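In what follows, residues are counted from 1 in the order of the sequence shown. Quick caveat, the model's predicted, so the values are computed rather than measured. Values reported hereafter were calculated over all heavy atoms of this structure, with side chains retained and with hydrogens, waters and symmetry mates removed.
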Amino acid sequence: MTVPHYALEVSLTRPLSPQALHRAAGRLPLAANHDATRLMTLMPAKSPHRAAQKLRHRLGHRLPVDVITTHYPDADHHVLLNVAFPPAARAALEDGARRAHQSPERFTELALHRALVQHADEEADRIDRQVQRLLETTTPACLLAAVGHALTRLSGRSTP
């Protein structure tokens with residue numbers, strides 16, 4: 001039986017030196033971004049969760065690993081986050097989860113979801129305010145034409 005491989009991305013707390021990256025790549029194949037703050041690898045395992053655990057076990061004491069994520073969403077469009085919290089943060093998380101009658105994982109998932117929804121709402125409000133300010137000095141047709149022109153100049157370039 002073939003064991004599936006999972007593409008994992010590792011976010012580091014600081015850039016790696018070329019020597020540290022070379023040493024780490026000697027333990028398993030790694031691809032680094034331009035400033036060596038993010039790494040990619042393939043990890044064989046029975047599940048994405050197990051793959052992330054294995055990777056953290058292999059790299060966690062050798063590299064400044066911050067977060068490990070699955071690179072591709074699963075069938076439910078979810079990305080796995082593997083975060084190692086410091087003991088005090090872990091204790092606070094477990095306490096909050098216990099008070100909410102949830103597992104620490106579910107408590108974290110819901111808190112993250114709420115934060116992402118709030119961020120999206122704030123971003124939509126910010127953009128709306130900027131558009132309203134622009135509409136004070138121009139017509140909707142001119143603004144739409146200007147946005148279209150700006151977007152055509154962006155085609156082919158990466159956006160934030």
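In this structure, Val117 is not a member of the same hydrophobic cluster as Val79, with clusters built from ILVMFWY side-chain heavy atoms closer than 4.5 Å. Hydrophobic clustering places Ile127 together with Leu154 (ILVMFWY residues linked when any side-chain heavy atoms are closer than 4.5 Å, directly or through intermediates). Linking Ile, Leu, Val, Met, Phe, Trp and Tyr whenever their side-chain heavy atoms come within less than 4.5 Å leaves Ile68 and Met40 in two separate clusters. Under the 4.5 Å side-chain heavy-atom criterion for Ile, Leu, Val, Met, Phe, Trp and Tyr, Tyr72 and Leu8 are members of distinct hydrophobic clusters. Taken together through direct or relayed side-chain contacts under 4.5 Å among Ile, Leu, Val, Met, Phe, Trp and Tyr, Leu21 and Val10 form part of one hydrophobic cluster.
Nearest heavy atoms, Pro44 versus Val3: C-CG1, 4.0 Å. The heavy-atom pair separating Tyr6 from Ala45 by the smallest distance is CE1-O, 3.3 Å. Of all the heavy atoms in Ala52 and Leu80, the pair that sits closest is CB-CD2, 3.9 Å.
Distance alone, capped at 3.5 Å, is enough to place a donor-acceptor pair between the Thr137 side chain and the Leu134 backbone. At least one donor-acceptor pair closer than 3.5 Å links the side chain of Asp74 to the backbone N or O of Asp76.
Atom CG of residue Asp35 and atom CZ of residue Arg14 lie 13.0 Å apart, to the nearest 0.5 angstrom. Atom CG of Asn82 and atom OG1 of Thr69 lie 9.5 Å apart (nearest 0.5 Å). With rounding to the nearest 0.5 angstrom, the CG atom of Leu16 is 13.5 Å from the CZ atom of Arg62. If you take CE on Met43 and CZ on Arg56, they are separated by 12.0 Å, rounding to the nearest 0.5 Å. In this structure, CG on Leu30 lies 7.5 Å from CG on Leu63, to the nearest 0.5 angstrom. Note that NE2 of His5 is 9.0 Å distant from OG1 of Thr41, once rounded to the nearest 0.5 Å.
Residues Arg90 and Leu93 meet the side-chain proximity criterion, which asks for heavy atoms closer than 4.5 Å. For the pair Leu12/Val65, a side-chain contact is recorded, criterion being any heavy-atom separation below 4.5 Å from C-beta on. Under the 4.5 Å side-chain criterion, counting only non-hydrogen atoms from C-beta, Pro29 is not in contact with Leu42.
Neither side chain, His57 nor Gln53, offers a donor N or O lying under 3.5 Å from an acceptor on the other.
Using a cutoff of 4.0 Å between basic side-chain nitrogens and carboxylate oxygens, Glu94 and Arg98 are not scored as salt-bridged.
For residues 122-141, the salt bridge (charged side-chain N to carboxylate O under 4.0 Å, His left out) pairs, not counting sequence neighbours, are Glu123-Arg126.
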